[in-house]
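Please read the structure below before turning to the comments.
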Amino acid sequence: MPTRSIKLLLIIPILVLFSGCAVTHAPSGWLSDSHELQYEAFGGWLQVHYSKNDSLKQSTMGELIALSSDSLYVLGRNENLHVIAVADVTHARLVEYKSHHGE
Amino acid sequence: MRRLGGVSVIIKLGVIAVIVLYVSFSCNNLKNINRRITPADSARTLDHDSPYLKAHMKNGRVYILKSWSVDEKDSLVNGKGFVYGINRNLLKEGEFSVGLDSVALFETNVLYQSGSVIAMAVITGASLALTAGCMANPKACFGSCPTFYVTDGKKTVLQAEGFSSSIAPSLEATDVDALYRAHPAGKTVKVEMRNEALETHMVRYVDLLAVPKSKNERVFKDMDGNYWRSNRILAPDTCTGPEGDILKKVISFDSKERYSLSDTTYLGTKEYIDLWFDHVPKGKTGLIVASRQTLLSTYLFYQTLAYMGDDIGTWLSALRFQKDYFKNGNLARILGKIDVLIQDNTGKWKKAGIAGEQGPLATDVFLVPLPSETKERPLQIRLRMTKGDWRIDYLALAALNGKVKPETIQPTVVMKQGKPDEHALRYLTDNSKKLIMLPGDDYILKYQLPDSASHYELFLQSHGYYLEWMRREWEHEKSYQKMVQLLFSPETMLKDLGPAYKKVESRMENEFWRSRYAHPFN
């Protein structure tokens, strides 16, 4: 593999980490700030990517409702509850509250 | 289904708690949250610092109570607040008594201002104008972690600098420094700990390591954390560097250091020092190396911060995931430490060990045990190091009398501004807490030895990390491209930065020490 490609492979995880800090896909006004989190009753905003049998890659997002040993429960924007097998999850990102970072 | 109760909720909230910490920390949130999940049968251990108590019920409801209390006798939780249904619709507001047997788990959340967040809040606000001495040379500002002062028997002198390479929370580490020149009288050892730079220090503990020794013995530590006793120390008979005879500079521990200037064309160029010992004692021996760094590494560190610019918080957050790379990555590997080489039977130079610690402030002393099969007489030892990166004060050969274990001693008194500081003492003796030191902070730590200090070799074991304040004057150098180049192609950067460093190198040491902290809030 060319050196340049190896370097790119090393750089990309860092870029992903950095972009991960700034971006949230939660609907505007949905996330609480850290003070409100102390007394509100809702779950965090979850974006989850999964694929069954390495075939079709899918993703969904919504409120994290629960996580059991084998299933992940996400309430989508359309109020549909998605139940995803933990074994199918490739990666997920949970944002629990609004940090106000950079504001 | 809107809400689940029982074990799944416990798992869910546990996962959330971990990720909340990640999100809040990595994005430098203004407040961190300490979330605790407590099973119903452990209600007596609930965190009463939490202003609200959430009781997640087995039936999916949740109570959110303010002014709450636990009635252990009747197995109830009482409080005023709200109860929400399984769809989180408000069912009722008022005063409630909730039976513990119907609760799946409790959740408490305590907001706190973390030490690192305090640092991040100020890290980009500092100006070089605060430290007049470094205005002329922005990369020569005094810095590098907590400094420790101990008497040498006549006056208080700088003896150690703590955890110099721990430049971010993820790099929090333990550092052991030899208090080789410390000569306190009696059983009490006083160590003055200062923050003299525009940095925030998070100090988890500072302990004294005391190794019993006889009158004619000295004790040395090696890079692997072993402590070796020696009652015979021999000076080299000959010592040469590229510039010629340097024996006078390394024969005694007297602050007369041997150092060189860097290579303009490539800051990673290596140089060699050769030393000979005509008379080598039988048995196990080791080379004593007393050294500190020049300001080359400090310059490169500040240059790295300048490339980070106002994204420094993001970069430091990324350190959490790439810490091995940052710690042992290309740049650290190229610059290296002081390699100690000896010749094998075929005359080929072989690495016996390494010495040296990061940091340009205090000279530290290390022992590099030599292989037992070293039988050549006279014994020739070669040191290999990056040119212009090290100041060597003392080199000697020690006959080793075996390993010994130190005794760890915590401070018994901590003083600030002449008065006992119980808060600081508590924080320095409880490993779950960290003492935060801002520029200008100065503590006296007192330790009680079982016997007179003259019966011990003393070392200082400090643990923590520090955050350099980002100077406003550096920000115009922000360059994502150069930062990536520094990380992944440091050889190129070490070539490119050579001429710029050369312009300031000869005066850096002087300007660095003159720019020691001036209070930023005056």
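Residue numbers begin at 1 in each chain, while the letters A, B, ... track the order of the sequences.
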For the residue pair B:Asn109 and A:Leu37, what are the closest heavy atoms and their distance?
ND2-O, 4.3 Å

Drop me the distance from B:Ile64's CD1 to A:Glu40's CD, to the nearest 0.5 angstrom.
7.0 Å

What distance separates A:His35 NE2 from B:Leu111 CG, expressed to the nearest 0.5 Å?
5.0 Å

Quick check against the 3.5 Å criterion: does B:Arg88 have a side-chain atom that pairs as donor or acceptor with the backbone of A:Phe42?
no

For a quick test of reading the model, state the closest non-hydrogen atom pair linking B:Lys54 to A:Gln38 and the distance between them.
CE-O, 3.2 Å

